[in-house]
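We count residues from 1, following the sequence as given.
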Amino acid sequence: MAYDYTSASDLVSWCKEQKNKANAYRLGGIGRYENGVRIFDCVGLIKCFMWHDYSEKNASYYNKEVPDKNETGFFNEATEKGTIDTIPEIPGLMVYQPGHIGVYLGNGEVIEATAAFDKKIVITYFKGNHPDTSYKRTTWTHWFKMPYLNYDVQEETNDEFAHTLGETLRFTTCYRSSTDAAAIRNYIPASQMLRDSGKITRCLKVNGISTYLLDDGLCWVNDGDIAGGSTDSIEIKVGDKVTPASRYSYEGVQLIADVLNHKYSVIEIRGDRVVLGDGLNTAFHSKDIRK
């Protein structure tokens with residue numbers, strides 16, 4: 001793959017590519033090869049990309065137009081930064097703590113070269129849900145924009161999008177990051193998610209493509225992933241015949257796919273909990289019901 005070595009979103013993709021190759025952590029590592037294994041430390045992973053990478057046969061410094069600084073040097077040079085609790089949802093931002101640095105992927109996830117987890121490149125997280133809590137890191141203190149990278153992700157106002165903040169959408173596919181949603185790669189079928197709808201809590205333009213974060217971390221979608229538009233206007237009352245829009249019950253239990261092909265009577269409503277009868281006798285979230 002050809003990379004733009006000044007692009008923050010390309011840095012994200014490149015770091016993921018290195019993670020999938022043989023690699024190891026060592027202090028001072030800048031991506032040189034040892035017996036086919038790439039050696040990185042935390043800031044060396046980022047500098048290797050900004051220095052335009054290099055081939056396995058090239059073991060020297062290469063295209064080094066970006067200065068050779070440590071993580072604190074880059075942090076001090078940055079003009080756009082803040083405390084970690086204020087981090088914008090922009091993949092490619094740097095996350096920082098004294099003596100360590102990583103690359104923000106979005107949704108609270110970070111890709112980093114570290115000795116703390118597996119002694120190689122790993123994906124950790126500091127907020128939201130994650131399938132493996134052993135990769136949680138709570139020590140980041142700040143975020144910043146790397147001065148030598150371009151950030152092509154911009155948060156826009158509602159009038160720039162087909163859908164608006166607070167609107168509830170149903171989706172057929174989704175993504176773990178806004179960059180994946182814009183590039184339409186690494187998609188996740190809705191059937192594999194806890195539910196297939198959510199409320200828009202953030203709108204981002206990535207390379208001109210509209211992307212939406214649902215429920216502050218459920219997933220990202222683009223306009224092409226949305227099925228059936230908004231669910232906000234649906235009014236349900238006891239006695240209505242409705243169809244589940246998700247294979248997952250209110251409690252998160254996965255049901256057989258055939259439940260999506262039938263209508264059931266609403267027998268009870270308590271807040272956002274809707275119980276369907278006619279032999280199903282299962283509760284669903286109100287967002288996961290369609291008439």
Side-chain angles (χ1 to χ4, degrees), residues 1-20 30-31 40-54 62-84 86-97 100-114 121-128 140-156 160 175-186 202-213 217 220 222:
M1 178 176 177
Y3 289 104
D4 174 358
Y5 294 105
T6 64
S7 166
S9 59
D10 275 17
L11 169 64
V12 169
S13 300
W14 182 86
C15 287
K16 290 179 179 179
E17 180 182 323
Q18 305 317 305
K19 176 182 178 294
N20 293 329
I30 58 168
F40 297 102
D41 68 7
C42 62
V43 72
L45 177 66
I46 299 162
K47 288 192 293 190
C48 182
F49 174 82
M50 295 192 299
W51 292 343
H52 292 204
D53 205 348
Y54 60 105
Y62 40 94
N63 205 44
K64 194 165 71 69
E65 298 174 356
V66 174
D68 188 2
K69 297 186 176 184
N70 64 15
E71 60 283 345
T72 300
F74 286 124
F75 175 74
N76 289 339
E77 185 180 357
T79 58
E80 294 185 67
K81 52 190 168 184
T83 55
I84 197 65
T86 66
I87 188 169
E89 199 62 28
I90 301 177
L93 289 175
M94 305 294 107
V95 289
Y96 170 81
Q97 66 189 58
H100 191 47
I101 193 171
V103 179
Y104 189 53
L105 301 180
N107 291 348
E109 290 190 328
V110 175
I111 192 165
E112 53 177 301
T114 175
I121 301 171
V122 295
I123 293 177
T124 60
Y125 76 106
F126 62 90
K127 66 177 181 177
W140 300 117
T141 60
H142 291 80
W143 64 269
F144 68 93
K145 283 188 176 182
M146 175 60 73
Y148 301 96
L149 295 177
N150 298 318
Y151 289 84
D152 50 13
V153 179
Q154 296 180 343
E155 193 154 6
E156 306 285 349
E160 299 289 337
Y175 310 84
R176 296 189 68 181
S177 71
S178 58
T179 50
D180 280 351
I184 314 177
R185 64 192 177 201
N186 302 323
R202 189 174 294 273
C203 302
L204 292 178
K205 289 282 188 181
V206 184
N207 295 328
I209 304 298
S210 297
T211 65
Y212 310 92
L213 177 65
W220 287 88
N222 60 47

Can you classify the ring geometry of Tyr96 versus Phe144 as parallel (below 30°), tilted (30 to 60°) or perpendicular (above 60°)?
perpendicular
Heavy-atom pair with the smallest gap, counting every atom of Ile87 and Trp143:
CA-CD1, 3.4 Å
What's the shortest heavy-atom distance between Tyr151 and Ile90, and which atoms?
CD2-CG2, 4.0 Å
Residues which pass side chain to side chain contact (heavy atoms under 4.5 Å, CB included) with Cys15, listed by chain and number, not counting sequence neighbours:
Leu11, Leu45, Val103, Ile111
For the residue pair Asp68 / Trp51, report whether a side-chain donor-acceptor contact shorter than 3.5 Å exists.
no
Would you call Asp53 and Cys48 a side-chain contact if the rule is heavy atoms closer than 4.5 Å?
yes
With sequence neighbours left out, write down each residue that passes salt bridge (charged side-chain N to carboxylate O under 4.0 Å, His left out) with Lys69, or none if nothing qualifies.
Glu77
Find the distance between CD (Glu112) and CG (Asp41) and round it off to the nearest 0.5 Å.
12.0 Å
Would you indicate whether the side-chain heavy atoms of Phe75 and Thr141 approach each other to under 4.5 Å?
no
On a heavy-atom basis, the closest approach of Ala78 and Pro147 is CA-CG, 3.8 Å
Applying salt bridge (charged side-chain N to carboxylate O under 4.0 Å, His left out), can you list everything that pairs with Lys16, at least two apart in sequence or on another chain?
Asp180
State, to 0.1 Å, how close Lys81 and Asn76 come at their nearest heavy-atom pair, and which atoms those are.
NZ-O, 3.8 Å
Check against side chain to side chain contact (heavy atoms under 4.5 Å, CB included), Asn107 and Trp220
CA-CA 9 Å; Asn107 291 348; Trp220 287 88; 3.1 Å; yes
Pairs in or reaching into residues 102-111: which pass salt bridge (Lys or Arg N to Asp or Glu O under 4.0 Å), with residues at least two apart or in two chains?
Glu109-Arg176
Under a 3.5 Å distance rule, please check whether Thr6 uses its side chain to pair with a backbone N or O of Asn150 as donor and acceptor.
no
Looking only at heavy atoms, which two atoms of Lys127 and Tyr104 are closest? And how far apart?
CE-OH, 3.7 Å
What distance separates Ile46 CD1 from Ile101 CD1, expressed to the nearest 0.5 Å?
4.0 Å
Quick one: does Met50's side chain get under 4.5 Å of Leu149's, heavy atoms only?
yes
Intermediate values then yes/no, side chain to side chain contact (heavy atoms under 4.5 Å, CB included), Met146 and Phe49:
CA-CA 12 Å; Met146 175 60 73; Phe49 174 82; over 6 Å; no
Going by the rule ring-ring contact (aromatic ring centres under 6.0 Å, His included), which residues pair with Tyr175 if we only count those two or more places apart in sequence or in a different chain?
none
Rounded to the nearest 0.5 Å, what's the gap from NE2 on His142 to CD1 on Ile84? Could you check?
9.0 Å
Students often mix this up, so state it plainly: with edges at 30° and 60°, are the rings of Phe74 and Tyr148 parallel, tilted or perpendicular?
perpendicular
Carefully, step by step, assess Thr114 and Val122 under the rule side chain to side chain contact (heavy atoms under 4.5 Å, CB included).
CA-CA 8 Å; Thr114 175; Val122 295; 3.7 Å; yes
With sequence neighbours excluded, tell me which residues meet ring-ring contact (aromatic ring centres under 6.0 Å, His included) with Tyr125.
His130
Start with the C-alpha gap between Thr79 and Lys145, add the side-chain angles, then the distance that decides, and say whether side chain to side chain contact (heavy atoms under 4.5 Å, CB included) holds.
CA-CA 8 Å; Thr79 58; Lys145 283 188 176 182; over 6 Å; no
Give me the ring orientation class for Trp14 and Phe40: parallel if the planes are under 30° apart, tilted from 30 to 60°, perpendicular past 60°.
perpendicular
